[in-house]
Number of protein chains: 2
Amino acid sequence: MGDTPGTSGAGLGGEPTLDEQIAAYQREFQDLDPQVEKIVSALSRLNRRMNVAYGRQTAALGISNAEWEVLKALVLSGAPYRMGPSELAKRLGLTPAAMTHRIDRMVAEGLVTRERDESNRVRVIVELMPEGRDKWLEAMRLATVFEEDLLQDLSADERTVLGEVLTRLLRRVEHAQPDAGGRLTDLD
Amino acid sequence: MGDTPGTSGAGLGGEPTLDEQIAAYQREFQDLDPQVEKIVSALSRLNRRMNVAYGRQTAALGISNAEWEVLKALVLSGAPYRMGPSELAKRLGLTPAAMTHRIDRMVAEGLVTRERDESNRVRVIVELMPEGRDKWLEAMRLATVFEEDLLQDLSADERTVLGEVLTRLLRRVEHAQPDAGGRLTDLD
DNA sequence: AAGATAAATTTCGAAGCTAAACAGTACATG
DNA sequence: CATGTACTGTTTAGCTTCGAAATTTATCTT
């Protein structure tokens, strides 16, 4: 792929084909299971492409990915769409300081409001505004259209199997904790 | 999930279970195919977890994700592991300016060298150093161990099917260009 | 030789995050 | 009831990473 044969794959930016990439992996790293690598690489690429698509869609609505995450957490919390900053921070994996900054921006843009909890004045309540909810809804509409198109070629059976297998993989990652060496030791 | 029933799922930071999340999606957004959403959400979560794992592993080796990307591109380019900054930038989706900065750091850390191409003195050649290659190799060893563990529960047949289906999805995203509305129009 | 083109770097600034110090509130305990 | 302790959220200061635009250096064209 240096400059001799490999101008074949047409990916994002001269990115090699999946098969080309796996061949390169095998060339450079012998003890590699091509089948495993194919699954993992495909997962990774697929997700990158999906994120690019989602990013384009949310950008078209004038919100960043960071803001999208907050909107999503609030909507999924259910009516009346209120959460505390620390709960949000925990959910999104941020420090409280970073959460404060994000909320600052989103308040300034009218996506959410921030007020003190009168029953416990230490706490703060972040509440989703109608405009924020509308943006989330519109983003969801765009996303579902994209997702249906993406899965278009899969039969009902294939969808079922794919969902089941992915869920099983997810369970394995979520219910297991990697030890010092990175191995997944089962907890069940 | 506001605060009444939903303390069940034990994800990253109080993250709801996949099924809980899908139920919430359906509650807030009626025209949603739960099967599609399950696949997409599982894909997304799986990838997030994998990235966390990879991040921990590379961090243990003292390199950032950004540096990991550069090492990977150089190794996969094959011996003698040389690329120009602009080619790297295109591959990684960065501007040339950002690429210059990254290379600065990596040269300072002894992972790569940077020298002018004597045959065309406008160009620069970034070359992988043995230390960089060693880091890549060690990261690959860790990654493959993790990946084997991840796919442990899948039968040979399931691996074959999963690889095939994911490849098909990937082809659909890579060979199609979303139009203005975000739809994937097939190009084949 | 003169301009056009191209590659890489430099400069400047923006975004986003964190750590640590700080302020305000609630609660427990004597 | 008084006070210490714990907790929530914000502020401040600084760091890292990236990008846009201008700049430098070299090559190519005519």
Side-chain angles (χ1 to χ4, degrees), chain A residues 2-3 12-14 48 51-52 55-56 58-59 62-71 73-74 77 82-109 111-127, chain B residues 3 12-14 48 51-52 55-56 58-59 62-74 77 82-109 111-127:
Chain A
D3 44 9
L12 202 100
R48 192 152 26 101
N51 286 338
V52 168
R56 261 199 291 257
T58 53
I63 60 178
S64 68
N65 278 348
E67 289 167 337
W68 161 254
E69 284 178 359
V70 177
L71 294 181
L74 282 169
S77 79
R82 298 157 147 252
M83 290 178 77
S86 51
E87 194 182 351
L88 275 170
K90 215 176 299 170
R91 182 73 51 91
L92 305 184
L94 297 178
T95 62
M99 202 65 238
T100 295
H101 296 324
R102 273 200 197 180
I103 296 171
D104 285 346
R105 291 170 231 148
M106 296 181 71
V107 168
E109 292 167 1
L111 299 173
V112 301
T113 57
R114 168 167 44 192
E115 55 190 41
R116 305 210 83 89
D117 183 346
E118 287 306 325
S119 71
N120 180 341
R121 299 184 45 76
V122 174
R123 291 171 184 271
V124 168
I125 298 179
V126 178
E127 180 171 337
Chain B
D3 44 8
L12 201 100
R48 191 150 31 98
N51 286 338
V52 169
R56 262 200 290 260
T58 53
I63 59 178
S64 68
N65 278 349
E67 289 166 338
W68 161 255
E69 284 176 359
V70 178
L71 294 181
K72 181 170 120 184
L74 282 169
S77 78
R82 296 158 148 250
M83 291 179 76
S86 50
E87 192 182 352
L88 274 170
K90 214 175 301 173
R91 181 74 51 93
L92 304 184
L94 297 177
T95 62
M99 202 64 239
T100 296
H101 296 322
R102 272 198 197 179
I103 296 171
D104 286 346
R105 293 169 231 147
M106 296 181 70
V107 168
E109 292 166 0
L111 298 174
V112 301
T113 57
R114 168 167 42 192
E115 54 190 40
R116 305 210 83 89
D117 182 346
E118 287 306 326
S119 72
N120 180 341
R121 299 185 44 76
V122 173
R123 291 174 184 270
V124 168
I125 298 177
V126 177
E127 181 171 337

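Remember, it's a predicted structure, so these values are computed and weren't measured experimentally. All chains are named by letter (A, B, ...) in the order of the sequence lines, taking the proteins before the strands, and each is independently numbered beginning at 1.
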query: What is the nucleic acid contact for B:Asp104, judged by heavy atoms within less than 4.0 Å: base, sugar-phosphate only, or nothing?
result: nothing
task: Indicate whether OP1 or OP2 belonging to D:dT17 is found under 4.0 Å from a side-chain N or O atom of B:Arg105.
output: yes
query: If you find the nucleotide of DNA chain C closest to A:Ser64 and the one closest to A:Asp117, which residue's nucleotide is nearer the 5' end?
result: A:Ser64
- prompt: With a 4.0 Å cut-off on heavy atoms, is A:Pro85 in touch with a base, just the backbone sugar-phosphate, or nothing at all?
  reply: sugar-phosphate
- line: To the nearest angstrom, the NE2-C1' distance between A:His101 and C:dT18 comes to 9 Å
- prompt: For B:Leu94 and C:dA7, what is the distance between atoms CG and C1' respectively, to the nearest whole Å?
  reply: 16 Å
query: What's the NZ-C1' distance between B:Lys90 and C:dA6, to the nearest Å?
result: 12 Å
task: Would you indicate, yes or no, if D:dG9 has its OP1 or OP2 atom less than 4.0 angstrom from a side-chain nitrogen or oxygen of A:Thr100?
output: no
field: Closest nucleotide among C:dT18, D:dT10, C:dT10 to the A:Pro96 side chain
entry: D:dT10
- prompt: Rounded to whole angstroms, how far apart are CG on A:Asn120 and P on D:dT8?
  reply: 10 Å
- request: Determine whether A:Glu69 and A:Thr58 make a side-chain contact, defined as any pair of heavy atoms from C-beta on separated by less than 4.5 Å.
  value: no
- request: Report the distance from atom CZ of B:Arg123 to atom C1' of C:dA6, rounded to the nearest whole Å.
  value: 8 Å
- request: Ignoring backbone atoms, test whether A:Arg114 places a side-chain nitrogen or oxygen under 4.0 Å from the OP1 or OP2 oxygen of D:dT10.
  value: yes
task: For residues A:Pro85 and A:Val126, determine if any side-chain heavy atom of one lies less than 4.5 Å from a side-chain heavy atom of the other.
output: yes
message: Contact between B:Lys72 and B:Arg91 at the side-chain level, heavy atoms closer than 4.5 Å - yes or no?
response: no
- line: Assert: residue with more 5' nearest nucleotide on DNA chain C, out of A:Arg102 and A:Glu118, is A:Arg102
query: Do the side-chain N or O atoms of A:Ser86 get closer than 4.0 angstrom to the phosphate oxygens (OP1, OP2) of D:dT8?
result: no
- prompt: Do the side chain of A:Glu109 and the main chain of A:Met106 share a donor and acceptor less than 3.5 angstrom apart?
  reply: no
task: Rounded to the nearest angstrom, tell me the gap between atom CD in B:Glu87 and atom P in C:dA6.
output: 17 Å
message: From C-beta outward on A:Val124, which listed nucleotide comes closest to its side chain: D:dA26, D:dT10, C:dA8?
response: D:dT10
- line: Output for pair (B:Leu88 CG, B:Ser77 OG), nearest 0.5 Å, gives 8.0 Å
- prompt: A:Met99 has an atom CE; how far is it from atom P of C:dG16, in whole Å?
  reply: 13 Å
query: If we only count heavy atoms from C-beta on, is the B:Val107 to B:Val112 side-chain gap below 4.5 Å?
result: yes
field: Proximity to the side chain of A:Thr95 - top-ranked nucleotide from D:dC18, D:dT10, C:dT18
entry: C:dT18
- request: Check the distance between D:dT25's C1' and B:Glu115's CD and give it to me in whole angstrom.
  value: 18 Å
- request: Could you please name the option among D:dT27, D:dT12, D:dC7 that lies closest to any side-chain atom of B:Val122?
  value: D:dT27
field: Selection from D:dC18, D:dT11, C:dC17 that lies nearest to any side-chain heavy atom of A:Ala97
entry: D:dT11
